[in-house]
Amino acid sequence: FLSEALDRLVYTLTSLKDMTLTYRTTTQTLLPGFLPNIKAIGGQGRSGGMLTPGLAFALGLTDAGFVDQLAERGDLLLDAERPTPAAFTRTVTYDLRATLQPLRDLTITLSGNHTRTDRTEVQYMYSGRPRLYGGDFTMTTIGLRGFFASPGARSGYASEPFARFLDYRRRIAQRQQSRYSSLQPSAPLEENAPAVLIPAFRAAYSQAGGVDGVSLRALPALSGMLPNWTLHYTGLTRIPLLREHFRSISLRHTYRATYTVGGFSSLAGWQGEDTDQLGLRHLPASDGSGGGATQLSYAFDIGSVAIQESFFPLLGLEMTWNNGLGMSAQWRRSRGVVLNLSAFSIIETSSNELSLGLGYKIADLRQLLHPTPTKGRRARRTKAEPSSPKGLTLRGEYSYRRSQSLIRRIQEVVTQATSGLADTRLRLSAEYELSRLIALKAYYEWSRNVPLVSTYSFPISTTAYGLSLRLTLTN
């Protein structure tokens, strides 16, 4: 017993089988209005006795300051009537993947991604060459806060994460003001400002550290990335009772979640040292007078942020009987939460799906319908070469999916159901191999959609069936 326990301990300690960390940078420079002619070799022309746009550009070693150099050399068309700016884009990606095997038949795969794209537009045709900044952002995360809740109409679609989100605003605002009090102590920060709503949103709906530990940045650093996972277990056939009836049994569980900033652009009038931190922004008076207000603000105008997460599947089972019959069952759940910063609302979508599948393949239908005696089969083999088997593949799938969409208004603290659907589907098919290159398939599909919310919709049933002929023209 001691030796077996020691072996299992060593196996568990050495469970890390593979680990890959990838860093990738992609840059792109667009130069509309470039004047010198491009030559065939290396794409280099001549300007003032120098190669242009230069070897650094050909090797991808330039940045946004390269546009200023070209404009000063006179290599760009300075025409205000053609205001197409030059653009420099840099995408930095980190990918993490690790495979662990703590048990002989259990494989765990962890994956993480952190991708940020920054875009700089240089309007070189105007005095001072003004610049506009923007980009997009995505990274893997872990949500799960309130994921399995099922808000209903009787409770007014009450949600614990949404209640936490409303409560977190005040504490996030206090953290932001205390951290940046040195900029301007009197600068206000409203509870519905993006610098408050975004951290509160991440703290309420994801495992980002809670209200006191969540990053105050809209675009979290690499340390804010959290892994997704996949679990695969194939050890049930080690049980003698199951091994007698099943050829293979596998269990699968997968979780995927991402935090996404769909697009951001620079704010006019923002002043600060680091665009990833808060700065000061002056807002002019609404009456057009010379006054106005100065407030703490992000450097970028962000329209929305989202957390998309899914168990695909939450639990998946695949079994193959000893006679070749395949069975599968999957339970999938997903949720999407989008914080709309311009409309001060949260759009929440969720789905719950159960699917069942059957599959069976008859290797040679002719042999099944007209079995040949053993003696006759041996004699026939000596007379002529055997023809290709005429296989028949049978498949069936049933699925039931229930989805709904809610809009939660932040200022009014009101939740309203906008859509809901119950979707039932049945698919049956039989594919017969006429030859090695030709297959005939018969199929039947039925679906029924029943609206759960809208009073202007009605149930819809759809039926489709037919035959299809597949020709394979390659060996």
Side-chain angles (χ1 to χ4, degrees), residues 112 138-173 175 191-192 194 196-216 218 220 224-229 231 253-262 304-315 331-341 343-354 401-422 452-453:
T138 183
M139 74 172 183
T140 55
T141 188
I142 300 177
L144 298 182
R145 289 185 179 268
F147 180 90
F148 293 99
S150 300
R154 293 184 178 180
S155 62
Y157 301 102
S159 169
E160 183 179 349
F162 182 65
R164 284 198 301 263
F165 165 76
L166 297 176
D167 179 64
Y168 286 172
R169 292 179 299 170
R170 177 180 54 84
R171 299 168 63 180
I172 293 293
R175 285 184 58 192
E191 288 188 349
N192 288 333
V196 174
L197 294 180
I198 293 177
F201 173 75
R202 295 185 58 235
Y205 285 92
S206 69
Q207 309 292 331
V211 64
D212 296 321
V214 65
S215 172
L216 299 178
M225 179 184 70
L226 297 176
N228 299 162
W229 61 82
L231 279 71
H253 166 83
T254 300
Y255 177 75
R256 295 285 181 267
T258 57
Y259 167 73
T260 304
V261 180
S304 64
V305 299
I307 296 176
Q308 304 287 343
E309 55 184 330
S310 64
F311 286 100
F312 203 85
L314 178 62
L315 180 61
W331 179 21
R332 308 184 185 103
R333 296 198 66 162
S334 65
R335 182 182 69 169
V337 191
V338 180
L339 172 62
N340 191 324
L341 295 165
F344 298 105
S345 63
I346 292 179
I347 300 174
E348 182 178 332
T349 59
S350 61
S351 67
N352 194 356
E353 180 181 1
L354 176 65
R401 184 174 183 267
R402 190 181 182 94
S403 61
Q404 72 173 2
S405 178
L406 307 174
I407 181 170
R408 304 186 185 275
R409 304 191 184 278
I410 298 173
Q411 293 176 317
E412 297 84 357
V413 196
V414 173
T415 301
Q416 179 183 0
T418 57
S419 65
L421 189 68
L452 303 177
V453 175

Asks: Can you pull the side chain to side chain donor-acceptor pair (under 3.5 Å) pairs that have at least one residue in residues 406-417, sequence neighbours excluded?
Replies: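 Residue pairs passing side chain to side chain donor-acceptor pair (under 3.5 Å), neighbours aside: Glu348-Arg408, Arg408-Thr415.
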Asks: Run the side-chain hydrogen bond (donor to acceptor under 3.5 Å, both in side chains) test against Arg256 and tell me which residues pass, sequence neighbours left out.
Replies: Thr230
Asks: Side chains of Val453 and Thr418: closer than 4.5 Å at any heavy-atom pair?
Replies: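 Val453 does not reach Thr418 side chain to side chain.
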Asks: Would you say Val214 and Ile172 make side-chain contact, with heavy atoms under 4.5 Å?
Replies: yes
Asks: Distance from Phe147 atom CZ to Ile307 atom CD1, nearest 0.5 Å?
Replies: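 It is 12.0 Å, given to the nearest 0.5 Å.
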Asks: Who pairs with Ala218 by side-chain contact (heavy atoms from CB on, under 4.5 Å), at least two apart in sequence or on another chain?
Replies: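 side-chain contact (heavy atoms from CB on, under 4.5 Å) list for Ala218, sorted by chain: Ile198, Tyr298, Ile302.
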Asks: Could you tell me which residues satisfy side-chain hydrogen bond (donor to acceptor under 3.5 Å, both in side chains) with Asn192, sequence neighbours excluded, listed by chain and number?
Replies: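 Arg169.
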Asks: Return the minimal non-hydrogen interatomic distance between Met139 and Gly224, and the atom names on each side.
Replies: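 Scanning both residues, the minimum pair turns out to be CE-O, 3.4 Å.
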Asks: Restricting to non-hydrogen atoms, name the atom on Ser345 and the atom on Ile410 that form the minimum distance, rounded to 0.1 Å.
Replies: N-CD1, 3.8 Å
Asks: Atom CG in Leu354, atom CZ in Arg332: separation rounded to 0.5 Å?
Replies: 9.0 Å
Asks: Step by step, work out the side-chain contact (heavy atoms from CB on, under 4.5 Å) result for Leu341 and Phe201.
Replies: CA-CA 11 Å; Leu341 295 165; Phe201 173 75; over 6 Å; no
Asks: Tell me, please, which residues at least two apart from Asn228 pass side-chain hydrogen bond (donor to acceptor under 3.5 Å, both in side chains).
Replies: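 Result, side-chain hydrogen bond (donor to acceptor under 3.5 Å, both in side chains) vs Asn228: none returned.
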Asks: Inspect the surroundings of CZ in Arg402 and state if more than 12 heavy atoms from other residues, nucleotides or ligands are less than 6.0 Å away.
Replies: no
Asks: Any non-hydrogen side-chain atom of Leu226 less than 4.5 Å from a side-chain atom of Tyr259?
Replies: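 Of all side-chain heavy-atom pairs linking Tyr259 with Leu226, none is under 4.5 Å.
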Asks: Side chains of residues 150-162: which donor-acceptor partners sit under 3.5 Å, not counting sequence neighbours?
Replies:
unit_1	atom_1	unit_2	atom_2	d
Ser155	OG	Gly152	O	3.2
Ser159	OG	Phe162	N	3.4
Glu160	OE2	Arg164	NH1	3.0

Asks: Is there a side-chain contact between Ile407 and Asn340 (heavy atoms, below 4.5 Å)?
Replies: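 Answer no - side chains too far apart.
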Asks: Going by salt bridge (Lys or Arg N to Asp or Glu O under 4.0 Å), name the residues that satisfy it together with Arg171, two or more places apart in sequence or in a different chain.
Replies: Asp212
Asks: Just jot down the side-chain hydrogen bond (donor to acceptor under 3.5 Å, both in side chains) partners of Thr258, sequence neighbours excluded, or say none.
Replies: none
Asks: Could you list the donor-acceptor pairs under 3.5 angstrom formed by side chains in residues 202-211, with sequence neighbours left out?
Replies:
unit_1	atom_1	unit_2	atom_2	d
Ser206	OG	Arg202	O	2.5
Gln207	NE2	Gly143	O	3.0

Asks: Report the residues that fulfil side-chain contact (heavy atoms from CB on, under 4.5 Å) with Arg401, sequence neighbours left out, ordered by chain and then residue number.
Replies: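 In terms of side-chain contact (heavy atoms from CB on, under 4.5 Å), with neighbours along the sequence ignored, Arg401 is linked to Ser351, Glu353, Ser403, Asp423.
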Asks: Scan the side chains in residues 308-315 for donor-acceptor partners under 3.5 Å anywhere in the protein, sequence neighbours excluded, and list what turns up.
Replies:
unit_1	atom_1	unit_2	atom_2	d
Glu309	OE1	Leu144	N	2.9
Glu309	OE1	Tyr255	OH	2.6
Glu309	OE2	Arg335	NE	3.0
Glu309	OE2	Arg335	NH2	2.5

Asks: Is there side-chain contact between Arg175 and Leu216, with at least one heavy-atom pair below 4.5 Å?
Replies: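 The answer is yes, as the side chains (C-beta and beyond) meet within the 4.5 Å cut-off.
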Asks: Less than 4.5 Å apart, side chain to side chain, heavy atoms only: is that true for Asn352 and Trp331?
Replies: yes
